[in-house]
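Notes for the one structure printed next.
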Amino acid sequence: MKKFQLGEFEEVVMLTVAILYENAYGVSIKKEIESRLGRQVSVGALQSALKRLEDKDYLASHDKDATQERAGRPKRYFKITSLGKQAMQYTKETRNSLWDAIPNIALDVKFAKI
Amino acid sequence: MPNPPKYFLRFFRWFCHPRLQKPIEGDLMELYEERFQELGKRKADQKFRLDVIQLFRPSIIKPADGTYRLNNYGMLKHNLLLIFRNFKKYKNSFLINLIGLSTGLASFMLIYLWVNDEVQKDKFHENKDRLYQVLRTLEYEDYPTYTAESNSVLLVPEMLAELAEIELAVPIMEEFSYAILAANEEKIKAVGKDFFNAFSFNLIQGSKDQVLVEKSSIVISQFLADKFFKNQNPIGQSFHMVDNTDGDVEYEGDYIVSGVFDIKELNSSEQFDFLLPHSLFEEGRDKPLKACYQALYASEERITVLSKYFAGIAIIISCLGLLALTSFSTQQRFKEIAIRKVLGSTSLSIVRLLSRDFSLLVSVAVIIGLPVAYYLMKNWLNNFAYRINLEPVYFLVSGILILAVAVLAIMIQIAKSTKFSVSESLRSNE
């Protein structure tokens with residue numbers, strides 16, 4: 001059984017939340033991903049990923065006061081929980097161990113098949 | 001202030017999970033305002049519509065069966081109230097059910113405990129597969145055939161000499177003690193010297209081979225040892241056996257303690273307070289000593305065999321009873337179930353409704369039945385010369401069995417109740 005379940009997009013969202021640190025809410029996360037990865041993110045995909053991560057207890061959220069620019073709607077800020085940190089660490093380590101297991105020659109450009 | 005397309009906004013508000021609605025709406029508004037500034041109203045409206053449609057996905061849509069938790073405590077109270085009202089409404093059937101169930105449970109428990117005890121009896125002997133008892137059948141012309149456990153003293157050396165398969169032969173003689181050692185010690189046995197080798201009675205002190213060799217030796221229970229020689233080593237202490245009859249007791253005299261046993265914890269059909277060497281009685285007599293005492297137990301043993309079958313039958317009958325009972329009470333409530341079904345109640349909620357009622361009835365019956373069974377069992381068992389351990393584990397096991405039977409009965413009934421015709425039931429005037 002897998003210890004931590006973290007999909008590709010979910011991982012991207014987790015990392016972005018970590019980058020934004022105290023300023024991670026819906027729009028800022030969306031923009032950050034779009035600018036850093038150069039890919040379009042729909043509000044729906046992002047929000048459902050955020051909800052999934054929150055259901056898994058990898059993220060915690062709290063609402064901050066409503067502001068004028070959002071027509072009186074509150075912002076929901078996200079934070080990574082310690083379980084979330086563990087999940088990220090785990091994902092990173094498994095990736096690294098896979099990278100380390102690749103024999104040098106396999107990815108050597110000189111020997112790549114054309 | 002620009003306004004996003006209002007039908008889409010309304011649509012979003014309608015489908016969105018209430019916990020997510022406000023912050024996501026905020027995000028949508030923020031994006032809309034920004035796009036409005038940069039791209040103009042038409043593009044911003046377009047993107048807003050797309051966002052809303054892309055938000056329409058399972059994890060964002062609110063669940064169909066409501067998002068607010070019911071007040072569980074309130075529901076529990078309400079359900080209990082309903083159950084009691086149901087009991088009150090059908091007072092007679094409730095009482096009959098309750099009495100029937102409690103009696104059924106109590107008798108089930110009684111039989112179960114007894115059979116369980118009988119099945120486990122004498123299982124502690126290590127050689128249990130190789131132990132045999134020699135019986136003697138007496139045939140008379142004018143009396144029924146009679147089987148006795150008593151045999152001639154002469155049989156033991158004869159058997160050992162003649163039958164190669166016999167490893168050990170232990171004569172056992174038991175008698176109500178008319179001699180007095182202390183008050184209430186009446187279970188006395190005279191046994192052959194290999195008694196502790198053949199049977200696994202728990203000899204605490206003394207050697208298995210030696211304790212019953214000397215004619216003047218006596219082996220006593222831990223209970224007696226504690227009573228007479230508290231804090232001393234009982235081995236080597238002497239007893240004087242007093243005869244309180246007119247010289248009938250042939251074993252009056254002095255004895256020296258050679259061993260101590262403790263059989264309190266063993267589930268044994270043989271019970272004794274102290275043992276004397278059988279050799280005391282072997283001189284010039286072979287008169288059986290205990291004919292009437294054994295007859296009592298012989299009949300008891302026959303009942304045990306029968307009761308194993310009866311216990312099975314009792315369980316089957318109580319299953320049928322439970323089945324009829326649930327069937328009756330469900331039929332009475334068909335209309336209620338029908339209305340619930342019409343209003344969209346799921347099968348699971350009907351199962352819960354029925355089993356809630358029923359499990360309350362069962363638990364009340366358990367609360368009444370088990371103590372009754374316990375009390376009867378205790379008093380009844382006191383009539384036996386031997387004692388049984390009433391362990392809570394037995395009650396636990398029987399409790400689980402009872403619940404399993406109850407669940408089975410409910411399940412069968414419910415399987416039936418999901419099939420009946422709703423419209424028929426609602427139309428009828430019953």
Side-chain angles (χ1 to χ4, degrees), chain A residues 5-14 16-17 20 22-35 39-80 84, chain B residues 1-70:
Chain A
Q5 181 78 45
L6 204 57
E8 192 266 343
F9 185 62
E10 285 174 347
E11 198 189 345
V12 168
V13 171
M14 291 283 287
T16 314
V17 169
L20 290 168
E22 296 245 284
N23 191 34
Y25 73 100
V27 175
S28 71
I29 298 169
K30 178 172 142 66
K31 284 184 178 161
E32 191 72 19
I33 295 174
E34 281 172 352
S35 71
R39 76 190 213 191
Q40 285 295 310
V41 179
S42 78
V43 180
L46 177 65
Q47 288 294 340
S48 73
L50 285 170
K51 181 164 183 286
R52 272 203 306 280
L53 289 168
E54 210 179 343
D55 289 345
K56 284 186 212 169
D57 283 334
Y58 292 168
L59 288 180
S61 69
H62 65 281
D63 289 355
K64 267 220 181 106
D65 299 339
T67 52
Q68 199 55 47
E69 56 168 329
R70 285 160 67 91
R73 274 38 162 226
K75 278 182 188 170
R76 178 159 291 176
Y77 284 94
F78 291 90
K79 222 170 60 188
I80 293 172
Chain B
M1 193 75 195
N3 279 322
K6 100 176 159 201
Y7 289 110
F8 276 85
L9 185 59
R10 210 183 275 176
F11 174 61
F12 167 75
R13 283 179 185 160
W14 172 73
F15 76 72
C16 185
H17 196 292
R19 220 184 65 77
L20 302 172
Q21 192 213 321
K22 287 256 164 70
I24 295 183
E25 203 181 311
D27 284 1
L28 286 175
M29 294 309 241
E30 192 182 330
L31 283 172
Y32 181 75
E33 276 167 39
E34 226 178 82
R35 287 169 184 156
F36 186 85
Q37 305 287 334
E38 285 172 21
L39 309 163
K41 185 168 167 54
R42 216 173 65 87
K43 280 257 164 133
D45 278 1
Q46 233 172 39
K47 294 220 169 200
F48 185 87
R49 285 190 201 106
L50 191 69
D51 277 344
V52 169
I53 288 164
Q54 282 177 333
L55 273 167
F56 191 70
R57 52 171 76 203
S59 54
I60 308 288
I61 297 171
K62 67 182 165 197
D65 55 353
T67 54
Y68 295 100
R69 288 185 165 226
L70 289 171

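Residue numbers start from 1 in every chain, and the chains themselves are labelled A, B, ... in the order their sequence lines are given, proteins ahead of strands.
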Check A/Lys75, A/Lys64, A/Arg76, A/Gln47 against B/Pro23 for a side-chain contact (heavy atoms from CB on, under 4.5 Å) and give me the one that passes. A/Arg76
Sort out for me which of B/Asp27, B/Leu55, B/Leu28 touches chain A most, counting heavy-atom pairs under 4.5 Å. B/Asp27
Sequence neighbours excluded, the answer for side-chain contact (heavy atoms from CB on, under 4.5 Å) partners of A/Glu11 is A/Leu6, A/Leu15, A/Thr91, A/Arg95
A/Thr16: partners by side-chain contact (heavy atoms from CB on, under 4.5 Å), with sequence neighbours left out: A/Val12, A/Leu20, A/Ile29, A/Glu32, A/Ile33
Between NZ of A/Lys31 and CD of B/Glu34, what distance do you get to the nearest 0.5 Å? 3.0 Å
Do B/Ile24 and A/Arg73 have side-chain heavy atoms sitting under 4.5 Å apart? no
Enumerate by number any residue of residues 39-54 of chain B whose heavy atoms lie under 4.5 Å from heavy atoms of chain A; in the absence of such residues, state 'none'. B/Asp51, B/Gln54
Can you name the closest pair of heavy atoms from A/Val43 and B/Leu31 and give their distance? CG2-CD1, 3.6 Å
Considering only heavy atoms from C-beta outward, does the side chain of B/Arg19 approach that of A/Lys51 to under 4.5 Å? no
Considering residues, nucleotides and ligands other than A/Arg39, do more than 12 of their heavy atoms fall under 6.0 Å from its CZ? yes
For B/Arg57, side-chain contact (heavy atoms from CB on, under 4.5 Å) partners two or more places apart: A/Ser42, A/Ala45, A/Ser48, B/Ser59, B/Ile60
